[in-house]
Amino acid sequence: MTDSRNILFVTALPFEGACVRRYLALEAEQGVLPTFSNSKYHLVVSGTGKARCAAATGALCSRFEPDAIDAVVNIGIAGAVSDTTPVGSAWLINQICDAATNRNWYPDMLAAHEMSETRVTTFDRPVTKETRGVPETGLVDMEASAFFQAASLFVGPEKIITAKVVSDILLNPPGIDTNVLTQTMEDALPIVVNYINKVSECNTYTRLVALSETHMNYMQTLCNALQLTRTQQEQLRQSVTHYVQKYPNATLPEFIPARVMTARERNTYFAQFQKELLR
Amino acid sequence: MLSSKKSCFANPFSHIYIEHAIRHHPTTLRIINGLPRATILEIASYKHIFNRGKQNFELQKKSPKLILAQKQPPFVYPFSQNCQQAGFKQAVYVTPALGCRFNCDFCFLHGMYNSANLVVFVNTEDVFAELNAILNSSPSSPLLSPTGDHCPLFVSISYETDLIALESICGLAGDWIEFCRQHPNVFVECRTRSGQIKQLSSPPSPGNFLLAWSLNPDEVIRRYEHGAPGLEKRLTAVDAALSEGWPVRICFDPILPGPGFEKRYSQLFETVFSRIPADSLFDVTAGPFRMGKDFFKRIRRQRPWCDLFYPSENVDSTTTYSAILQRLCDFVPEGKLVVWE
């Protein structure tokens, strides 16, 4: 448990990534994947399709402790199914369907917002209205289901955000003007980032007080000194966590390293120490 | 989707997830008509929302969603030996809903479910049909005692939820009250911490629908029963229920251990019974804080701030409980008191 403040972005296309990078003032990083960061926001440009998106999402998430991630966001363009959906409109996704498996995923919609919500169906290739399995409503894309599955390995559904900007009505008109799309993405970003900030604020409402580096070191010292068993280590973690929740501003009871020679001595000393923590 | 006044969270029930199968069920339509601003999403099964992994129970409690589903058999469950049957030979429970609007630290539901969202099973008619079948079945039914037909069937309907607290949204308690009116051979218990009974049906109230209020000292309510009405509101509701002729049970359950709690419970008994004569009640029940080992371990991990799951050796809960029970006996006649040993 450390401070939760990292917000991770995954985009498929370079122009989408460029919009995010400009808006959040991100610096390029060295690595196999195109990755950009500042102290709070981190972006990876995955490339098109489910496999690339899942790999990139996993790679970016694995750089952080899950508790240090405030939100994982997939933002990008999508096609609309209905002619009545305005091109350039921004949508928050409340249901993700994978066309190949017909499985559905649902992000938790805990934060208040004023965006429109819809569902997105993820296909393995570009689709038209004639393509079999195209739904009657919502949006279609090529990454969202893979993104959600990959992000779910690291964080809960309340931290997974998918936002889409409508680029076309199922490839009609064919050929999409990147300049126009860049503008629509740039227009949508402040709205999406506002929602992300709301999600971050919601995350602060947990009653759990995060353990600090000092707490971690304290536990490590104790574990090493007493050669605690795995079970005892877990018991210690729980007791320290409880102590920190109960007395957030207090320092932990002083630990005087004892010379323990046997398992029995260790157990006795540990039991006394636990009593002290739970007093 | 607008936020509640002081928070970044969406309003409770901003989203309603509805199983395809019951999309046009009358109860579904009644519920969604009562929440016209909610976003509606159709789902294949409530489990796709409710049983997801890595859900944040605490945050979901700030903005719970409603899931409307179709209950699959079995609709009726025999009581576990760990549950009070209050003297009834035949006792069953049903699950009209999963989850509760309140967020009590000591509630076993936190250990039982992954989600703080609320599942409401709308097909109450299927439950009624199974209960009818039980009532009409031969005494050899496993749910009936050999002399079953002489004893009402005790049905607990708020075992995994607080149905009264949900009544303004779901109206399911009203359906059960109507069922009680038509079936004098059932005796329904509905436990609650709610302070509202206005939404229950108009008098005459059926004598076989028992409203059971769980009460605790105000300090315990503030400390552990998050979101639940205070003692005064509950006592006002008890007063109103008694004056309308409902049978009422008072539950001091769980009686929680804590430093100085003996005095606080003693004051609680004085407050309650100076206002509500014990004779006017159906009965009074009392029980200690208890929980299955697995649930306890799970909630201990989830709620490290809650001292109930980190018992201190400074609190002798057994002695405290005995002393509190002793004090309760001063207020409640022996025949009216049901104690969980």
Side-chain angles (χ1 to χ4, degrees), chain A residues 1 66 92 94-95 97 102-119 151-160 195 197-209 211 234-235 237-248 271 274-279, chain B residues 1-17 20 38-46 48-50 52-65 67 103 105 114-117 226 259 297 300-315:
Chain A
M1 279 172 279
L92 196 57
N94 57 23
Q95 179 181 1
C97 178
N102 209 24
R103 272 195 68 187
N104 287 279
W105 294 270
Y106 303 89
D108 264 348
M109 310 300 289
L110 299 183
H113 66 86
E114 285 166 9
M115 290 177 72
S116 301
E117 291 182 22
T118 192
R119 59 176 268 169
S152 298
L153 296 173
F154 299 87
V155 295
E158 79 283 1
K159 291 184 176 180
I160 305 176
Y195 175 71
N197 289 338
K198 281 270 184 71
V199 171
S200 285
E201 194 185 338
C202 288
N203 290 339
T204 64
Y205 276 74
T206 176
R207 276 188 273 171
L208 206 61
V209 179
L211 294 188
E234 175 57 21
Q235 287 169 347
R237 195 192 60 76
Q238 287 190 15
S239 303
V240 167
T241 307
H242 173 62
Y243 188 92
V244 172
Q245 313 305 311
K246 203 170 172 184
Y247 312 108
Q274 285 279 82
K275 241 187 251 178
E276 186 70 21
L277 280 171
L278 298 178
R279 207 159 47 150
Chain B
M1 191 197 337
L2 297 175
S3 67
S4 48
K5 279 176 195 164
K6 290 181 186 171
S7 123
C8 50
F9 286 93
N11 284 329
F13 312 128
S14 61
H15 290 69
I16 308 177
Y17 298 88
H20 302 305
T39 302
I40 290 171
L41 286 97
E42 284 197 32
I43 55 175
S45 165
Y46 78 91
H48 295 166
I49 304 283
F50 197 65
R52 289 172 300 172
K54 289 197 176 82
Q55 294 182 75
N56 190 320
F57 204 99
E58 274 300 298
L59 292 185
Q60 285 182 340
K61 273 286 179 193
K62 305 271 183 195
S63 176
K65 312 304 178 198
I67 305 167
N103 188 16
D105 280 328
N114 289 334
S115 176
N117 294 325
H226 310 286
K297 278 164 96 174
R300 185 181 154 98
R301 277 197 304 273
Q302 284 174 357
R303 303 190 162 222
W305 55 82
C306 184
D307 46 14
L308 291 173
F309 299 93
Y310 293 82
S312 156
E313 290 200 348
N314 299 337
V315 179

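A, B, ... follow the sequence lines: proteins, then strands. Residue 1 opens every chain.
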Determine the interplanar angle of the A:Tyr106 and B:Tyr17 rings, folded into 0 to 90°, and report it as parallel if under 30°, tilted if 30 to 60°, perpendicular if over 60°.
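If you compare the ring of A:Tyr106 with that of B:Tyr17, the planes turn out perpendicular.
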Look up atom [atom1] in [X] and atom [atom2] in [Y], then write down how far apart they are to the nearest 0.5 Å.
{"X": "B:Arg301", "Y": "A:Arg237", "atom1": "CZ", "atom2": "CZ", "result": "8.5 Å"}
{"X": "B:Arg303", "Y": "A:Gln245", "atom1": "CZ", "atom2": "CD", "result": "12.5 Å"}
{"X": "B:Leu41", "Y": "A:Asn94", "atom1": "CG", "atom2": "CG", "result": "4.0 Å"}

With the side chain counted from C-beta on, respond yes when A:Gln238 and B:Lys297 share a heavy-atom pair under 4.5 Å apart, and no when they do not.
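A side-chain contact is absent here, since even the closest heavy-atom pair is not under 4.5 Å.
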Minimum heavy-atom distance between [X] and [Y], given as atom pair plus value:
{"X": "A:His242", "Y": "B:Pro304", "result": "ND1-O, 2.5 Å"}
{"X": "A:Gln95", "Y": "B:Glu42", "result": "NE2-O, 4.0 Å"}
{"X": "A:Pro157", "Y": "B:Gly53", "result": "CD-O, 3.8 Å"}
{"X": "B:Cys8", "Y": "A:Lys198", "result": "CB-CD, 3.8 Å"}

Of all of A:Ser239, A:Cys202, A:Gly156, which one pairs up most often with chain B through heavy atoms under 4.5 Å apart?
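Going by pairs under 4.5 Å, I would pick A:Cys202.
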Is it the side chain or the backbone of [X] that comes within 4.5 Å of chain B heavy atoms, both, or neither?
{"X": "A:Tyr195", "result": "neither"}
{"X": "A:Glu158", "result": "side chain"}
{"X": "A:Val244", "result": "neither"}
{"X": "A:Ile160", "result": "neither"}
{"X": "A:Asn104", "result": "neither"}

Does one side chain, of B:Gln60 or A:Asp108, offer a donor that lies under 3.5 Å from an acceptor on the other?
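Their side chains do contain a donor-acceptor pair, which is all the 3.5 Å distance test asks for.
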Are any side-chain N or O atoms of B:Lys54 and backbone N or O atoms of A:Leu153, one a donor and one an acceptor, separated by less than 3.5 Å?
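Yes; at least one donor-acceptor contact below 3.5 Å.
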Verify, without hydrogens or angle tests, whether B:Lys65 (side chain) and A:Met109 (backbone) share a donor-acceptor contact under 3.5 angstrom.
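Yes: the side chain of B:Lys65 pairs with the backbone of A:Met109.
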